[in-house]
Amino acid sequence: DGADLAAGLRRHDDDVCFACGPKNPLGPPLAQFSWSDGSDEAWFAPRPAYRGFVGLLHGGIAATALDEILAWAGILNLGLMSVTATLDLRYRSPLTPDHPLCLRGRIDEVSGRRLRVSGELISQDQPAVTARGLYVATENDRDLLAGHISER
């Protein structure tokens with residue numbers, strides 16, 4: 001399932017990935033991964049240190065969390081690790097770091113190694129930030145877990 005695959009991939013990186021590693025004391029570790037039909041979902045609980053101006057969630061943290069869930073769309077739905085080529089964000093409403101936030105990502109199109117993805121950060125059942133991006137596949141996640149990382 002999504003939680004097992006996510007845990008295995010995070011362990012591969014010693015659980016210290018900035019955006020999803022549970023052992024990273026600074027990042028917004030994503031949790032409760034799930035996926036189906038080309039979409040994925042995870043949650044994160046903002047820390048007080050993620051506050052920006054006047055107690056709102058810093059936009060860079062929202063961007064980091066969305067970048068991560070869009071990458072996980074390729075991991076969980078296609079079995080592909082990828083890197084961000086472009087990321088376009090729309091901030092629709094201010095966020096406070098006072099409650100858990102839901103992240104959703106989906107695969108919109110695949111063309112060779114290019115993945116077009118989109119998603120949103122949901123606060124109180126409303127999209128607060130939306131994202132679209134182009135990601136480039138770098139590895140098959142099963143090969144990565146098996147230790148067969150190709151040389152570049």
Side-chain angles (χ1 to χ4, degrees), residues 1-110 113-139 141 144-145:
D1 75 345
D4 291 340
L5 179 58
L9 288 167
R10 292 188 301 194
R11 274 193 307 275
H12 182 273
D13 195 33
D14 297 326
D15 286 335
V16 294
C17 169
F18 176 71
C20 72
K23 290 184 181 175
N24 188 315
L26 303 175
L30 306 187
Q32 298 174 318
F33 285 91
S34 62
W35 86 93
S36 68
D37 298 326
S39 296
D40 64 327
E41 181 174 291
W43 289 81
F44 89 99
R47 297 175 177 154
Y50 298 160
R51 291 179 191 270
F53 184 66
V54 295
L56 298 176
L57 181 70
H58 192 283
I61 296 296
T64 298
L66 277 161
D67 181 47
E68 190 71 7
I69 200 65
L70 296 183
W72 278 97
I75 294 168
L76 295 173
N77 292 286
L78 302 173
L80 297 172
M81 304 298 290
S82 64
V83 294
T84 310
T86 65
L87 182 62
D88 181 36
L89 301 167
R90 298 287 183 257
Y91 294 86
R92 300 183 179 282
S93 63
L95 290 163
T96 60
D98 300 333
H99 52 84
L101 300 169
C102 179
L103 295 156
R104 293 187 183 133
R106 74 194 132 276
I107 303 294
D108 295 325
E109 180 183 336
V110 179
R113 293 180 43 220
R114 292 177 180 87
L115 314 175
R116 295 209 179 269
V117 293
S118 61
E120 56 269 339
L121 189 154
I122 308 292
S123 176
Q124 299 174 341
D125 297 323
Q126 296 295 315
V129 185
T130 59
R132 294 170 40 116
L134 174 65
Y135 288 68
V136 179
T138 59
E139 301 289 344
D141 59 19
L144 182 66
L145 285 176

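Quick note: numbers below take in every heavy atom, side chains included, and nothing from hydrogens, waters or symmetry partners.
A donor-acceptor contact shorter than 3.5 Å is absent between the side chain of Tyr50 and the backbone of Pro97. With hydrogens and angles ignored, the 3.5 Å screen pairs a side-chain donor or acceptor of Thr86 with a backbone N or O of Leu134.
The closest side-chain heavy-atom distance from Gln124 to Gln126 is not below 4.5 Å. Counting heavy atoms from C-beta on, the side chains of Leu78 and Leu115 come closer than 4.5 Å.
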List the steps, then state whether side-chain contact (heavy atoms from CB on, under 4.5 Å) holds for Leu101 with Leu95. CA-CA 9 Å; Leu101 300 169; Leu95 290 163; 4.2 Å; yes

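Screening residues 116-126 for salt bridge (charged side-chain N to carboxylate O under 4.0 Å, His left out), with sequence neighbours left out, gives Arg106-Glu120.
Rounding to the nearest 0.5 angstrom, the gap separating the CG atom in Leu56 from the CZ atom in Arg51 is 9.0 Å.
Remark: Ala71 pairs with Ser82, Tyr135 by the side-chain contact (heavy atoms from CB on, under 4.5 Å) rule, at least two apart or across chains.
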Side-chain donor-acceptor pairs of residues 36-45 under 3.5 Å, sequence neighbours excluded:
| unit_1 | atom_1 | unit_2 | atom_2 | d |
| --- | --- | --- | --- | --- |
| Asp40 | OD1 | Gly105 | N | 3.3 |
| Asp40 | OD2 | Ala73 | N | 3.2 |
| Glu41 | OE1 | Arg104 | NE | 2.9 |

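The shortest heavy-atom contact between Pro46 and Leu57 is CB-CD1, 4.0 Å. For the residue pair Ser34 and Leu76, the shortest heavy atom distance occurs at O-CD1, 4.3 Å. Residues Ala131 and Leu89 approach most closely at CB-CD2, 3.5 Å, considering heavy atoms.
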